[in-house]
Amino acid sequence: MYAVTISEPGGPDVLRWSQVPDPVPGPGEVLIEVHASAVNRADLLQRAGQYPPPPGAPPYPGLECAGVVAAVGPEVSGLAPGEEVCALLGGGGYAQRVSAPAGQVLPVPHGVALADAASLPEVACTVWANVVDLAGLRAGETLLVHGGGSGIGTFAIQLAVALGARVVTTARAGKHAALRELGAAVTVDYRDQDFVAATKEATGGRGADVILDIMGASYLARNLAALAPDGRLAIIGLQGGRRTELDLAALLATRGVISATGLRSRPPADKARIVKGVREQVWPLVESGAVRPVIDRRLPMPEAAQAHRIVEASEHLGKVLLVTA
Ligand SMILES: NC(=O)c1ccc[n+]([C@@H]2O[C@H](COP(=O)([O-])OP(=O)(O)OC[C@H]3O[C@@H](n4cnc5c(N)ncnc54)[C@H](OP(=O)(O)O)[C@@H]3O)[C@@H](O)[C@H]2O)c1
């Protein structure tokens, strides 16, 4: 089969469409004939040599896919060849075939085209795990989403609105109209507006009950200033660095909680638990149309380098798909 390989750590041009050995599904695994994968920011880091795949994962990039079950390994029940599925992967989605743990496989939601379902597993699992499962966002609360135009952001805005929350989001100005269409009440241009002041103004001075943060160090102090009493700050990205000072008094005064989690490194049982939660609580919202895939464009998988250039420059809104045919 063919897969996108990384010839050496570097820029987009190190991605090659190469012949590689076929994967063989092990115990508890399902072999998927891939129709599409999607680009995640983590793939760019992996390509640059800064984010190695976890032990046992294929060396090719690709944290999610959609396709058709081609075979099932030993000890798999409830999945059969021919079924249309999408899956959360530890890697290897940029390929014609991939093996996935059965606990990380989801049905394609009714009403979503098979290839388009490749845009969902990584964002649905990350956003549900952080915003719903961990931070416990409730109807009537306010969620501040940083990077609202990202794959993660476009999903988080819709999910929060579907759950009855109000959304404030940061993004470059050119993406604001689309984010308001997705349901964001307030959009802030992070390049020349103060998101703390905007969040306070939007909440009558209270602040955001939950913040989904992709910046890390560079936003920590301002995130704490924007957090409401009993607020929860869920850090999932470190685009603004990993080390900074933390003023504990700012947390103590408002009883704030900070979490930082990565999905890819979680043990399989935890990923399966998250996938189950997504299937039960998020898939019905996708099937009702309340939450929809936001797909910027679809490129042939051999053109993965071009897809990476687009995502690196942040020219996209939502997800960039890589399709095999
Ligand atoms: N921990 C986990 O489990 C997990 C899982 C998945 C993703 N993530 C993280 O979530 C983030 C989004 O992932 P993705 O694949 O959806 O990425 P993406 O589509 O490539 O989006 C990256 C976003 O970062 C935004 N951004 C850059 N600088 C910013 C700033 N100063 N303030 C606010 N936003 C800024 C960009 O906004 P503009 O385009 O508007 O400039 C862009 O929308 C990444 O950091 C990724 O590593 C974490």
Side-chain angles (χ1 to χ4, degrees), residues 12 37-48 50-51 54 61-64 88-91 93 118-131 133-135 144-158 168-179 182 184 187-196 198-199 211-220 222-223 226 233-242 259-266 270-271 274-275 278 293-297 307-322:
S37 185
V39 179
N40 286 282
R41 195 112 205 137
D43 306 344
L44 277 50
L45 296 176
Q46 179 173 342
R47 189 204 68 217
Q50 292 161 15
Y51 193 38
L63 297 175
E64 55 196 339
L88 182 69
L89 306 169
S119 69
L120 294 172
E122 177 73 12
V123 293
C125 290
T126 303
V127 173
W128 181 83
N130 283 278
V131 172
D133 191 41
L134 196 56
L144 168 59
V145 178
H146 287 301
S150 65
I152 289 285
T154 50
F155 195 88
I157 291 168
Q158 296 183 85
V168 176
T169 192
T170 58
R172 60 182 71 180
K175 298 184 179 180
H176 285 193
L179 303 187
L182 291 176
T187 47
V188 183
D189 186 348
Y190 62 83
R191 291 173 305 184
D192 57 18
Q193 279 179 284
D194 175 5
F195 72 77
V196 179
T199 306
I211 301 178
L212 184 63
D213 177 58
I214 60 171
M215 298 308 294
S218 65
Y219 273 13
L220 183 65
R222 279 177 284 165
N223 277 335
L233 166 60
I235 300 172
I236 62 162
L238 303 175
Q239 291 177 205
R242 52 198 283 189
S259 61
T261 67
L263 181 60
R264 195 183 198 184
S265 56
R266 287 184 189 248
D270 201 19
K271 286 187 184 169
I274 291 168
V275 166
V278 165
V294 178
I295 296 169
D296 185 85
R297 67 192 90 185
H308 275 216
R309 282 185 209 104
I310 290 161
V311 172
E312 213 144 50
S314 218
E315 290 168 8
H316 64 300
L317 184 101
K319 303 282 291 196
V320 174
L321 287 194
L322 294 170

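Start at 1 and go down the list; that is how both ligands and their atoms are numbered. Fair warning: this is a prediction, and the values are worked out from it, not measured in the lab.
- Close contacts between ligand 1 and Ile152 involve ligand atoms 6 (C), 7 (C), 10 (O), 12 (C), 13 (O), 16 (O) [criterion: under 4.0 Å to a heavy atom].
- For ligand 1 and Ser150, the ligand atoms under 4.0 Å from any heavy atom of the residue are 16 (O), 17 (O), 18 (P), 19 (O), 21 (O), 22 (C), 23 (C), 43 (O).
- Taking atom 6 (C) of ligand 1 as the reference point, the nearest protein heavy-atom neighbour is Glu122 OE2, 3.3 Å.
- Ligand-side atoms of ligand 1 in range of Gly262: 1 (N), 2 (C), 3 (O), range being under 4.0 angstrom from any heavy atom.
- A tilted orientation is assigned to the rings of Tyr219 and Phe195, their planes being inclined by 30° to 60°.
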> So Thr261 and Asn130, side chain to side chain donor-acceptor pair (under 3.5 Å) or not? Walk me through it.
Replying inline: CA-CA 8 Å; Thr261 67; Asn130 283 278; 2.8 Å; yes
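- In this comparison of Ile236, Val127, Val311, the heavy atom closest to atom 8 (N) of ligand 1 sits on Ile236.
- A donor-acceptor pair is defined here as one N or O able to donate and one able to accept, closer than 3.5 Å; no such pair exists between the side chain of Asn40 and the backbone of Asp43.
- Interface of Ala171 with ligand 1, defined as ligand atoms under 4.0 Å from a residue heavy atom, comprises 40 (O).
- Assignment of Gly153 to the shell around ligand 1 is not supported, since no heavy atom sits closer than 4.0 Å.
- Distances between N or O atoms of Arg264 and those of ligand 1 include no value under 3.5 Å.
- Considering every non-hydrogen atom in both Ala234 and Ser259, the closest pair reads CA-OG, 3.5 Å.
- Taking CD from Glu64 and SG from Cys125, the interatomic distance works out to 9.0 Å, rounded to the nearest 0.5 Å.
- Within the 4.5 Å cutoff, the side chain of Arg222 has no heavy atoms near those of the Met215 side chain.
- Here the heavy atom of the protein found nearest to atom 32 (N) of ligand 1 is Tyr219 OH, 2.7 Å.
- Interatomic distance, Leu182 CG to Thr169 OG1, rounded to the nearest 0.5 Å: 9.5 Å.
- Looking only at heavy atoms of the protein, atom 24 (O) of ligand 1 is closest to Gln239 NE2, 3.1 Å.
- The closest protein non-hydrogen atom to atom 19 (O) of ligand 1 is His316 NE2, 2.7 Å.
- Nearest heavy atom pair, residue Gly62 against residue Ser37, reads CA-OG, 4.0 Å.
- Heavy-atom separations between Phe195 and ligand 1 are all 4.0 Å or longer.
- Proximity to Thr170 (heavy-atom distance under 4.0 Å) selects the following atoms of ligand 1: 33 (C).
- Looking at heavy atoms from C-beta onward, Leu321 lies in side-chain contact with Ser119 at the 4.5 angstrom threshold.
- Atoms of ligand 1 found under 4.0 Å from any heavy atom of Gly149 (numbered from 1 in listed order, with element): 43 (O).
- Under a cut-off of 6.0 angstrom, the local environment of CZ in Arg191 is crowded, with over 12 non-hydrogen atoms contributed by other residues, nucleotides or ligands.
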>> Is there a side-chain contact (heavy atoms from CB on, under 4.5 Å) between Val278 and Leu120? Walk through the geometry before answering.
In response: CA-CA 10 Å; Val278 165; Leu120 294 172; over 6 Å; no
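- Heavy-atom proximity to Gly151, at under 4.0 Å, picks out these atoms of ligand 1: 16 (O), 19 (O).
- Atom 46 (C) of ligand 1 has Arg41 CB, 3.9 Å as its closest protein atom, hydrogens excluded (heavy atom only).
- Closest to atom 42 (C) of ligand 1 among all protein heavy atoms lies Ser314 OG, 3.4 Å.
- The distance from atom CG of Leu263 to atom CG of Asp270, rounded to the nearest 0.5 Å, is 8.5 Å.
- Here the protein heavy atom with the shortest distance to atom 40 (O) of ligand 1 is Arg172 N, 2.8 Å.
- Between Ile310, Leu263, Thr261, it is Thr261 that holds the heavy atom closest to atom 1 (N) of ligand 1.
- Side chain of Gln46 to backbone of Ala42: no donor-acceptor contact under 3.5 angstrom is found.
- At a heavy-atom cutoff of 4.0 Å, ligand 1 is contacted by the side chain of Met215 but not by its backbone.
- Close contacts of ligand 1 with Lys175, meaning ligand atoms under 4.0 Å from a residue heavy atom, involve 38 (P), 39 (O), 40 (O).
- Annotation: atom 10 (O) of ligand 1 to nearest protein heavy atom, Ile214 CG2, 3.6 Å.
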